[in-house]
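Beneath this line is the structure, given in structure tokens, with notes to follow.
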Amino acid sequence: MNYALFERPLFYVGGHYVSFLGLIAFAGLFTLGLLIAGALQSEIVRRFFARFKLDTNFIAVVTTILSISVLVFFTVHAVNAAGIPLLWTTPVPGITLSLVQIFLLIALLIGVFWFSSRTKRFLFNRFLVRSGLDRSLQYAIAQIVSNLVLVFGIFIVLDNAGIHLGALAVFAGAVGVGVGFGLQNIVSNFISGLVILAERPIAIGDRIEVAGVAGQVQHIRARSTVIVTNDNITMIVPNSKFIDSMVTNWTFGDPRVRFRIPVGVAYGSDVKKVCEALIAAGRSTAHVLEDPAPSVFLKQFGDSSIDFELVVWSSEMSHRPSRFKSDLNFAIEEKLREAGIEIPFPQRDLHIRSGALPAEEKAKETS
């Protein structure tokens with residue numbers, strides 16, 4: 001077989017010819033790179049990294065960067081195998097960094113993100129545990145230190161890579177004045193996150209209501225806060241909402257919350273028995289505090305009922321207010337039924353007057 005036919009140049013690229021064998025080598029190495037890059041995105045690799053107790057998001061970022069790096073690595077070798085020299089130490093056109101320096105920069109940035117994450121875990125889970133500080137304050141300190149480590153680490157890596165911070169003057173100015181359609185919201189949410197961690201209007205585990213979202217605070221991140229509702233739905237709320245909107249914190253300071261349950265009874269009922277039944281219903285319900293004790297108010301005399309209001313206090317059921325009110329309503333219905341007190345429904349009395357109209361008025365009506 002004459003192999004010289006496969007070595008003949010088919011076309012030229014940048015002053016270098018590419019043969020048929022070069023195309024085969026390029027296709028083979030590029031395909032191998034695609035296969036390995038796809039394997040790095042598999043669930044097996046993610047489980048391997050999970051053994052080192054890394055965050056899920058961090059594992060996703062690492063596997064993505066590794067797969068892209070592998071694809072670039074095999075692509076460069078494929079181009080060289082095709083007959084077009086592409087050196088690792090040659091600066092990439094348009095920038096002053098070579099491929100080796102770019103890969104080293106990516107590795108260092110991954111290391112900075114990992115070190116920032118480990119710093120937060122170490123401070124929150126080990127160093128500050130025995131400090132005597134409030135747990136939410138410990139989390140705030142750990143989050144702020146982690147953010148500082150991340151910012152300074154990125155600046156140091158970029159400066160050592162030859163990307164001087166003076167080139168980022170425009171970006172720094174945009175951050176400082178809060179302009180730019182793309183950066184304005186990001187910077188606003190980031191600064192709001194620092195304010196939240198410093199002032200602590202909300203903390204991990206608080207029951208809050210903001211921007212129409214009600215639930216328990218699970219995480220306070222740099223840009224957003226994670227809230228889990230009672231339906232086990234995770235809501236991502238931008239941190240700026242906690243600064244420029246009204247926030248209801250059910251557990252801020254004193255965890256005790258007062259619940260008001262309106263009750264209507266039929267006219268003619270013994271109001272003293274109604275009060276006793278409502279008090280008994282409050283005391284028989286779990287999670288109702290004995291101090292302050294349940295109390296009853298006679299609110300008004302309505303159209304169809306005498307309206308009362310049962311007032312109880314709870315320090316645990318603010319996380320499930322609907323369930324707590326439902327338990328109270330069940331107990332109220334049971335106690336009123338045992339006392340023979342009727343819960344009325346809307347009703348109207350109609351009085352029909354008999355008699356005949358005068359002839360003149362009848363004529364006016366028929367005309």
Side-chain angles (χ1 to χ4, degrees), residues 134 136 199-217 227-233 235 237 241-242 244-351:
D134 184 72
S136 59
E199 294 186 353
R200 297 169 57 216
I202 62 173
I204 303 298
D206 284 356
R207 169 80 181 186
I208 65 172
E209 295 183 19
V210 59
V213 178
Q216 186 176 8
V217 178
I227 300 176
V228 179
T229 66
N230 289 344
D231 297 328
N232 200 29
I233 299 175
M235 308 293 290
V237 181
K241 293 294 183 181
F242 297 94
D244 56 20
S245 301
M246 182 178 294
V247 180
T248 302
N249 193 333
W250 286 52
T251 53
F252 186 79
D254 192 348
R256 297 179 303 173
V257 178
R258 180 166 59 182
F259 291 86
R260 300 175 179 271
I261 309 298
V263 180
V265 299
Y267 278 99
S269 302
D270 189 338
V271 294
K272 292 185 178 180
K273 288 185 177 181
V274 173
C275 291
E276 293 174 357
L278 294 179
I279 295 288
R283 292 176 176 174
S284 65
T285 305
H287 305 294
V288 172
L289 297 178
E290 296 181 359
D291 186 21
S295 58
V296 176
F297 296 93
L298 198 160
K299 298 292 292 183
Q300 65 179 357
F301 296 95
D303 294 335
S304 304
S305 62
I306 306 175
D307 297 330
F308 290 83
E309 185 178 65
L310 173 63
V311 179
V312 297
W313 289 80
S314 176
S315 60
E316 300 179 14
M317 295 308 296
S318 59
H319 297 287
R320 294 189 298 168
S322 298
R323 169 47 103 188
F324 184 58
K325 292 180 180 179
S326 176
D327 292 341
L328 282 172
N329 287 328
F330 275 115
I332 290 171
E333 192 279 334
E334 179 182 358
K335 296 300 181 181
L336 292 180
R337 181 162 37 85
E338 291 177 356
I341 300 172
E342 179 185 356
I343 300 177
F345 52 87
Q347 52 188 336
R348 295 289 184 271
D349 293 333
L350 299 179
H351 299 278

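None of these values were measured; they are calculated from a predicted model. For reference, positions follow the sequence shown, starting with 1.
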Considering non-hydrogen atoms only, spot the tightest contact between [X] and [Y] and give its length.
X      : Y      : result
Ala281 : Leu328 : O-CD2, 4.5 Å
Pro294 : Val288 : CG-CG1, 4.0 Å
Gly264 : Pro344 : O-CD, 3.3 Å
Lys299 : Phe308 : CG-C, 4.1 Å
Leu336 : Ala277 : CD2-CB, 3.9 Å
Asp307 : Ser305 : OD1-OG, 2.8 Å

Roughly how far apart are [X] [atom1] and [Y] [atom2], rounded to 0.5 Å?
X      : Y      : atom1 : atom2 : value
Phe330 : Ser284 : CZ    : OG    : 13.0 Å
Leu298 : Ile306 : CG    : CD1   : 6.5 Å
Phe297 : Leu278 : CZ    : CG    : 12.5 Å
Phe301 : Asp303 : CZ    : CG    : 13.0 Å

Salt bridge (Lys or Arg N to Asp or Glu O under 4.0 Å): pairs with one or both residues in residues 280-296, sequence neighbours excluded: none
Salt bridge (Lys or Arg N to Asp or Glu O under 4.0 Å): pairs with one or both residues in residues 265-275, sequence neighbours excluded: none
Heavy-atom check, side chain of [X] versus side chain of [Y], under 4.5 Å:
X      : Y      : result
Pro292 : Arg258 : no
Ser315 : Leu289 : yes
Ile202 : Val210 : no
Asp327 : Arg320 : no
Val312 : Thr285 : no

With [X], which residues qualify under side-chain contact (heavy atoms from CB on, under 4.5 Å), at least two apart?
X      : answer
Glu338 : Glu334, Lys335
Glu209 : Ala214, Thr248, Trp250
Asn232 : Val228
Ser269 : Val265, Ala266, Val274, Ile341

His287 backbone acceptor or donor facing Ser314 side chain under 3.5 Å: yes
Tyr267 atom OH, over 12 foreign heavy atoms within 6.0 Å: yes
